[in-house]
Amino acid sequence: MESFEVILKPICLVILIVLCLHAMPSSCNFTSFVFGDSLVDAGNNDYIFTLSKADSPPYGIDFTPSGGQPTGRFTNGRTIADIVGQSLGAKSFPPPYLAPNTEAQAILRGINYASGASGIMDKTGFFFIGRIPLGEQVSNFEQNRIYMVNAMGENYTRKFLRKAIFSLTIGSNDVLNYIQPSIPFLRHDKVSPSTFLDFMISNLTLQLERLHEMGARKFIVVGVGPLGCIPFVRALKLLGSGQCSSAVNTLTQAYNHRLKELLSRLNQEMGPETIFVFANSYDVFMDIIANYHQYGLENANDPCCGGYFPPFVCFKSSDANTSALCDDRSKYVFWDAYHPTEAANLIIAKQLVDGDENVSFPINIRKLYNYNNS
């Protein structure tokens with residue numbers, strides 16, 4: 001009986017995809033393939049040896065599907081990728097690539113390949129030991145694509161991938177690694193900021209082209225947020241409450257400018273069948289920090305969980321009097337020293353999905369989802 005089910009399941013999935021592509025496209029689930037770092041990691045780092053983990057309380061305390069238990073997400077609830085998917089009709093979240101038995105889910109919901117501490121460049125995050133760089137994430141998608149082709153053929157695979165959303169939220173760790181002081185015994189001369197940005201853009205371009213060659217046609221590429229304002233950088237630069245590092249934000253904005261130029265060029269070269277959306281998370285997040293009271297928030301400086309100073313550990317204390325958790329998570333912009341709360345993620349996701357060209361260029365995510373979807 002068990003062997004019969006193993007054979008029957010892929011057949012049922014293929015039938016469902018054929019119906020989605022032809023008979024009832026409007027009723028099919030939103031499908032996304034998520035690449036990135038800890039901002040969108042859905043639990044891949046739970047399955048590797050790494051210092052970058054979110055597998056213990058209070059991470060996930062507000063994540064309803066898990067009953068408040070940690071899922072490997074580096075926040076108290078949903079990530080931006082989770083919320084965007086729900087806004088576009090997803091009934092569930094793409095499972096992490098490294099979780100058992102996810103291959104079949106690639107055809108229904110997509111897969112999450114993101115990994116905390118990872119970057120665009122392979123060496124980014126090596127202090128954390130284990131992480132999955134962007135190039136390896138794309139290679140993992142390639143393995144899932146082989147499964148799809150074996151299940152439903154090359155033609156149907158390409159039709160299916162043409163409608164799926166490919167989102168990349170990565171680059172923050174590359175910048176953070178660059179701005180941190182060198183460790184003496186590992187000291188190496190840093191390249192100039194301009195050369196560093198060239199490396200980031202050239203490596204990202206390579207991975208976008210690989211995904212395009214494999215059939216991806218709808219891309220969301222999220223810019224790097226205002227890293228100069230996160231609690232970790234404020235502590236690193238010894239800045240007072242409410243202050244941001246202008247040097248770090250200037251470098252981040254320079255990267256985002258080059259990223260937007262890259263995506264505009266790729267749209268010209270690969271359009272109109274392919275479209276790359278630049279998601280301007282920097283301006284959205286800066287507006288939240290500057291006007292947090294208008295969004296119903298009360299604290300835009302401190303992390304809700306963990307300390308403001310090293311080692312920035314977010315933990316759940318058995319002693320309520322020494323708990324590392326803030327009183328009201330819904331009122332904080334930052335969950336820990338690096339990541340937004342679900343409250344902030346909700347604001348960002350809403351603007352990226354339905355915002356104007358200042359937020360999502362050249363079209364917003366909802367329009368991207370409906371683009372050539374008939």
Side-chain angles (χ1 to χ4, degrees), residues 10 13 17 30-55 71-74 79-82 84-85 90 92-126 128-152 154 156-158 160-174 200 203-222:
L13 290 173
I17 290 301
F30 168 81
T31 303
S32 67
F33 296 94
V34 180
F35 304 82
D37 52 31
S38 58
L39 291 171
V40 289
D41 188 350
N44 282 302
N45 276 24
D46 287 356
Y47 298 93
I48 62 176
F49 180 76
T50 177
L51 300 178
S52 177
K53 282 185 180 288
D55 61 349
T71 64
R73 288 168 170 81
F74 288 75
T79 67
I80 292 174
D82 294 331
V84 167
S92 57
F93 306 114
Y97 172 79
L98 293 179
N101 305 316
T102 61
E103 280 190 329
Q105 302 303 322
I107 300 179
L108 289 175
R109 294 184 283 172
I111 295 289
N112 185 305
Y113 303 92
S115 170
S118 68
I120 295 170
M121 295 182 284
D122 289 348
K123 290 185 178 180
T124 293
F126 76 94
F128 291 93
I129 307 175
R131 76 277 182 212
I132 309 169
L134 180 59
E136 189 177 340
Q137 293 180 33
V138 174
S139 296
N140 290 339
F141 167 75
E142 190 172 17
Q143 293 303 307
N144 280 145
R145 190 185 187 282
I146 292 172
Y147 172 86
M148 295 180 220
V149 172
N150 290 336
M152 57 187 178
E154 179 70 29
Y156 277 124
T157 296
R158 286 200 170 270
F160 170 67
L161 294 178
R162 191 170 65 208
K163 298 177 184 297
I165 297 286
F166 288 74
S167 69
L168 293 87
T169 305
I170 200 160
S172 296
N173 291 320
D174 299 280
M200 286 185 68
N203 278 275
L204 178 63
T205 303
L206 174 63
Q207 303 311 326
L208 292 174
E209 289 174 343
R210 287 180 66 195
L211 289 170
H212 181 264
E213 288 173 3
M214 287 186 277
R217 293 297 180 265
K218 297 181 180 183
F219 293 85
I220 304 164
V221 186
V222 182

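Note: hydrogens, waters and symmetry copies are ignored here, and every other heavy atom, side chains too, is used.
- Here the side chain of Thr50 pairs a donor or acceptor atom with the backbone of Gly130 at under 3.5 angstrom.
- Side chain of Arg162 to main chain of Ala216: no donor-acceptor pair is present (N/O by atom type, distance under 3.5 Å, no hydrogens or angles).
- Ser38 and Asp41 are not linked by any side-chain donor-acceptor pair at a separation below 3.5 angstrom, with hydrogens and angles left out of the test.
- Of the N and O atoms on the side chains of Asp174 and Thr124, at least one donor lies less than 3.5 Å from an acceptor on the other residue.
- You'll find the side chain of Leu134 reaches within 4.5 Å of the side chain of Leu204, heavy atoms only.
- One distance of note links OG1 of Thr102 with CG of Asn112; it measures 10.5 Å at 0.5 Å rounding.
- Contact between Leu98 and Asn44 at its shortest, heavy atoms only, is N-OD1, 2.9 Å.
- With values rounded to the nearest 0.5 angstrom, Leu168 atom CG is found 9.0 Å from Gln207 atom CD.
- Taken from OG1 in Thr71 to CG in Asp46, the straight-line distance is 7.5 Å, to the nearest 0.5 Å.
- Closest non-hydrogen pair, Met200 versus Ile120, comes out as O-CG2, 3.5 Å.
- Across all their heavy atoms, Ile132 and Ser118 have their closest contact at O-CB, 3.1 Å.
- A distance-only check finds a donor-acceptor pair linking the side chain of Asp82 to the backbone of Thr79 [under 3.5 Å].
- Here the shortest heavy-atom pairing between Arg131 and Pro133 reads O-CD, 3.4 Å.
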Task: From CA spacing to verdict: side-chain hydrogen bond (donor to acceptor under 3.5 Å, both in side chains), Ser115, Asn45 - done: CA-CA 6 Å; Ser115 170; Asn45 276 24; 2.6 Å; yes

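- The backbone N or O of Ser167 sits nowhere less than 3.5 Å from a side-chain atom of Lys218 that would complete a donor-acceptor pair.
- Cation-pi geometry between Arg145 and Phe33 is not met: the NZ or CZ atom fails to fall both under 6.0 Å from the ring centre and inside 45° of the normal.
- In terms of heavy atoms, Arg109 sits closest to Phe93 at NH1-O, 3.2 Å.
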- [ ] Decide yes or no on side chain to side chain contact (heavy atoms under 4.5 Å, CB included) for Arg217 and Leu161, but give the supporting numbers first.
- [x] CA-CA 7 Å; Arg217 293 297 180 265; Leu161 294 178; over 6 Å; no

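- The CG atom of Asn203 sits 11.0 Å away from atom CG of Leu208, with the distance rounded to the nearest 0.5 Å.
- Remark: Tyr97 engages no residue in a side-chain hydrogen bond (donor to acceptor under 3.5 Å, both in side chains) (not counting sequence neighbours).
- Using bins of under 30°, 30° to 60° and over 60° for the plane-to-plane angle, the ring pair Phe35/Phe166 lands in the parallel bin.
- The two residues Ser52 and Gly116 make their nearest non-hydrogen contact at OG-C, 3.5 Å.
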